[in-house]
Amino acid sequence: MKKIRIAIVGHRFMGRAHSNAWNQVTKFFEPAAEPVLQVACGRDGSALAAFAERWGWAEVATDWREVLGRDDIDAIDIATPTHLHAEMAVAAAEAGKHIFCEKPFANTLAEAEAMLASAEKAGVVHYLNHNYRRCPAVLLAKKLIDEGEIGEVRHWRGAYQQSWLNDPGHPLDWKLRKETAAAGPLWDLGSHAIDLARFLVGDFAEIECRGKQFTCERPLAEDPSRMGRVEVECAALMTGELAGGALASIETTRYATGRRNRHSFEVYGSKGALAWDMEDMNRLRFYSEGDPEDRRGFRDILVTERCHEYVGAWWPPGHIIGYEHGFVHAAADFLDACAGGGPVEPNFRDGVECLRVLEAAAASMEGAGRVRLPVSG
Ligand code: SOE
């Protein structure tokens, strides 16, 4: 069995979610290559050592650049804050390493294009972890849309609602600074919502976006006795038109009281409609005009049958899966790609298209009004 020796950079939330996926993937799937958890890279020595011990990383290192120079490393797993992605991905590509990169892809379109160019020039596998594409219910929605079951798409309504900033005491951390996060929920959550819209109903042709700040100052992470200015929006509302002509809206917020991690969409077509909600992620709601009139209504499909993508690798029908399973699905597909199975999606090309929309939305938030987008070929 081919082995892919991985170095991960980042050991917090995404470091844990990715490590779980690398540990689980060969227990439930038969990827064409086996992951080797070789090196965990980071700055915080004791926390890093504990992370490596818990998740089974063979070594720790504080210099990811040095690790990229090693011949016994085949891939890098970038699980760091966004502002570090470009430097790491470009260096990894130049070192000939495959790349598994967390979202948001980058903080600027220029960074995104450099990352894509370097990965394509190096001929390495590049994957961008918009994990929600690998939720079985989302994949069923894509199947139904692609098969024409809802007809011509007229409306896309996307939302990614969280509420963790309702706490005024939450410190001014990296997600609230432009330099490290580029923007607020528009980037962090909107990158997911834009990717899902692109995956299911295509590119954006024109967008307009407004942002709102509810809390302008927060305690400094490094010194809670002092306050600092919040540099990014607390919530954003993006509207626009898809290349196919549908009207679209995407709402992102960290102040949707009671919504803890609610990524959702509704899509309405000439023959039917679909709705999905991460808070009930195994279910897909489907309405078909083709149903007999006396029983027409939104069906509530529990997407846990063996015929549904990825589900057969887990449990019998009805035994639902969770947030972490999409990461395992991505790990399996990434390993197959690294073993020569061809490109894996979404990849850095999708990342560039997502950044194109994000930068247009940021410009609109700052006064550019409606922004037209080039539709990718
Ligand atoms: C934001 O809080 C966040 O961690 C996102 O960054 C992740 O991508 C999402 O899956 C969960 O919420």
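Below, all heavy atoms of this structure are taken into account, side chains as well, without hydrogens, waters or symmetry copies. Note that ligands are numbered from 1 as they come in the structure, with each ligand's atoms numbered from 1 the same way. Along the sequence shown, residues are numbered consecutively beginning with 1.
When all heavy atoms of W174 and A181 are compared, the closest pair comes out as O-CB, 3.4 Å.
Taking N282 as the reference, nothing meets the side-chain hydrogen bond (donor to acceptor under 3.5 Å, both in side chains) condition, with sequence neighbours excluded. In this structure, the salt bridge (charged side-chain N to carboxylate O under 4.0 Å, His left out) partners of E59, at least two apart in sequence or on a different chain, are R70.
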Show me the donor-acceptor pairs within less than 3.5 Å that the side chains of residues 357-367 make with the rest of the protein, sequence neighbours left out.
{"residue": "E359", "atom": "OE2", "partner": "L109", "partner atom": "N", "Å": "2.7"}
{"residue": "S364", "atom": "OG", "partner": "C209", "partner atom": "N", "Å": "2.8"}
{"residue": "S364", "atom": "OG", "partner": "C209", "partner atom": "O", "Å": "3.4"}
{"residue": "S364", "atom": "OG", "partner": "G369", "partner atom": "O", "Å": "2.6"}

Put together the list of close N/O pairs, under 3.5 Å, between ligand 1 and the protein, could you?
{"residue": "ligand 1", "atom": "2 (O)", "partner": "Q162", "partner atom": "OE1", "Å": "3.1"}
{"residue": "ligand 1", "atom": "6 (O)", "partner": "K103", "partner atom": "NZ", "Å": "3.0"}
{"residue": "ligand 1", "atom": "6 (O)", "partner": "K175", "partner atom": "NZ", "Å": "3.3"}
{"residue": "ligand 1", "atom": "6 (O)", "partner": "D188", "partner atom": "OD1", "Å": "2.7"}
{"residue": "ligand 1", "atom": "8 (O)", "partner": "K103", "partner atom": "NZ", "Å": "3.0"}
{"residue": "ligand 1", "atom": "8 (O)", "partner": "H192", "partner atom": "NE2", "Å": "2.8"}
{"residue": "ligand 1", "atom": "10 (O)", "partner": "Y132", "partner atom": "OH", "Å": "3.0"}
{"residue": "ligand 1", "atom": "10 (O)", "partner": "Y323", "partner atom": "OH", "Å": "2.8"}
{"residue": "ligand 1", "atom": "12 (O)", "partner": "Q162", "partner atom": "NE2", "Å": "2.9"}

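Ring-plane geometry between F29 and H329 is classed as perpendicular, the angle between the planes exceeding 60 degrees on a 0 to 90 degree scale with a lower cut at 30.
Taking a cutoff of 4.0 Å between a charged side-chain nitrogen and a carboxylate oxygen, D74 and K97 do not qualify as a salt bridge.
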